[in-house]
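Below, read A as the first sequence line, B as the second, and so on, with proteins coming before strands; counting in each chain starts at 1. Since this is a predicted model, take the numbers as computed values, not measurements. Below, each value reflects all heavy atoms present in this structure, side chains not excepted, and no hydrogens, waters or symmetry copies.
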Amino acid sequence: MKFYNFPAEGEMQCDVRLFASELIYDEIEATALKQLFDASKIPGIIAVVGMPDLHQGYGLPIGGIMVSRINDGIISPGAVGFDINCGVRLMTTQLEFSQLQNNLEKIMRKAQIKIPAGVGEEKENIFNKNEFKEILNHGVPYLVNEKGIGNKNDINACEDNGFIEGADAEAVPEKAIERAFNQLATLGSGNHFLELQRVKEVYAKDCGLFEDQLVFMIHTGSRAFGHQIAKHYSNIAKKSGVKTPTKNLASFKINSEGGINYKKAMAAAANFAFANRHLIAHNLRHIIKEFYPQESFDLFYDITHNIAKKELYQGEEVLVHRKGACKLAKDGIALIPGSMGTFSYLIKAQNSKANELSYYSTAHGAGRKMSRSQAKKDISQKDHFNSMGTVKLYHSSSDSILDESPLAYKDINIVIDALEKTELAKAVAKFEPAAVIKG
DNA sequence: ATGTTC
């Protein structure tokens with residue numbers, strides 16, 4: 001087990017731990033590290049941890065974990081992120097990749113029509129306003145149990161069974177509902193994707209996957225809904241919250257009116273995101289059934305990487321913010337999506353001591369190497385095209401996609417290597433994309 | 001990430 005530990009000094013309330021390999025540590029941005037140190041200076045914070053995909057973010061860096069006491073602690077919209085409950089789900093078939101034959105193109109084209117992608121894209125909401133609020137308050141179980149959409153495994157294979165308790169649509173600003181009412185079952189833009197993948201390698205035979213298996217991965221979140229909530233409450237926290245070292249880490253006392261309302265709205269956004277991934281997967285399920293009527297299309301796991309949750313840690317209840325970091329499932333697994341055109345991974349917890357020190361957290365992806373603007377400036381079409389190899393891209397927008405090029409991200413294999421070196425986790429299976437839908 | 005600068 002190996003990690004970098006920076007002992008508390010000055011205003012720091014706790015040590016800062018960074019789980020990184022030497023290779024990653026040498027390249028980590030000073031600005032991202034500074035954001036970790038600033039987070040450790042907020043009263044009530046008992047732990048700050050960085051993952052190997054750490055990079056600069058709004059307030060807390062992406063790949064950051066910030067843990068607060070409950071009674072006198074804080075909750076920070078900037079430490080959850082703008083895309084509340086952004087996450088990843090893996091859907092499995094029992095088909096071998098070779099059985100696809102010439103259906104890849106047809107499946108992806110149908111998916112592109114049925115699953116809107118891109119900035120501001122909408123899909124007519126099949127639910128009325130009351131049903132929409134039920135989704136916000138109760139997430140995936142409402143869709144399965146009350147509306148008959150999906151099956152029991154679609155609930156059980158979700159982190160937290162596809163809903164965060166304590167959600168209250170009444171704490172959601174009306175503007176969030178206006179903006180996102182017609183964004184359920186849509187993919188969005190940025191690093192979000194829907195990929196058709198092939199299980200390239202299985203390192204642990206008992207992981208429930210087999211080599212050459214045809215699977216689908218969906219990476220998306222709460223669209224404009226979570227974004228509007230994050231913006232709304234971050235602004236309130238800046239005006240009337242507790243004082244923090246940096247403005248964008250603006251926080252509420254957990255038990256203050258602002259803290260209570262943000263938590264209710266954050267949970268509603270989390271439920272929106274769970275429902276969003278569930279509905280996208282369900283629509284994809286219909287497409288798969290058209291081609292393979294006898295095949296099952298099952299949820300393997302759905303994991304979030306932008307959320308704050310109450311968790312029991314060494315007998316004490318604490319609030320764990322994870323931003324661009326995910327929580328290991330009960331059986332120790334987590335899904336780590338690659339950037340467009342690169343491998344994704346299923347990983348499993350490795351060393352229980354390392355896992356304890358990281359609050360059972362792990363990395364969430366490759367992590368950016370370049371800002372969006374830098375990528376658009378520095379990456380040529382030709383270099384980008386070469387970096388995509390044989391992966392077929394279905395891009396809905398006429399805009400350039402260079403800011404999402406694999407060249408704009410760190411090599412995910414280096415992140416996985418760092419997880420193994422720090423003994424946080426080891427790779428269990430590797431997924432190779434064959435086709436990707438981007439916004 | 002985001003009606004990509006309320």
Atom-pair distance (OH on Tyr233(A); C1' on dT2(B)), nearest Å: 19 Å

Those residues of residues 218-225 of chain A lying under 4.0 Å from DNA chain B by at least one heavy atom: Arg223(A), Ala224(A)

Residue-phosphate contact under 4.0 Å: Ser189(A) side-chain N/O, dT2(B) OP1/OP2: yes

Atom pair distance, as rounded to whole Å: NE2 in His395(A) and P in dT4(B): 16 Å

Nearest-angstrom distance from the residue atom CD1 of Ile236(A) to P of dC6(B): 19 Å

Sugar-phosphate, base or nothing in reach of Gln183(A), heavy atoms under 4.0 Å: sugar-phosphate

Those residues that, when tested against Asp298(A), pass salt bridge (Lys or Arg N to Asp or Glu O under 4.0 Å) (two or more places apart): none

All stems with DNA chain B, defined as three or more consecutive Watson-Crick or G-U pairs under 3.5 Å: none

Those residues that, when tested against Arg285(A), pass salt bridge (Lys or Arg N to Asp or Glu O under 4.0 Å) (two or more places apart): Asp154(A)

Pairwise salt bridge (Lys or Arg N to Asp or Glu O under 4.0 Å) hits with a residue in residues 332-342 of chain A, at least two apart: none

Pairs satisfying ring pair (Phe, Tyr, Trp, His ring centres under 6.0 Å), at least one member in residues 104-131 of chain A, at least two apart: none

Between CG on residue Asn306(A) and CE on residue Met266(A), distance to nearest 0.5 Å: 11.0 Å

Counterpart residues, salt bridge (Lys or Arg N to Asp or Glu O under 4.0 Å), relative to Lys238(A) (two or more places apart): none

Salt bridge (Lys or Arg N to Asp or Glu O under 4.0 Å): pairs with one or both residues in residues 50-63 of chain A, sequence neighbours excluded: none

Those residues that, when tested against Asp383(A), pass salt bridge (Lys or Arg N to Asp or Glu O under 4.0 Å) (two or more places apart): none

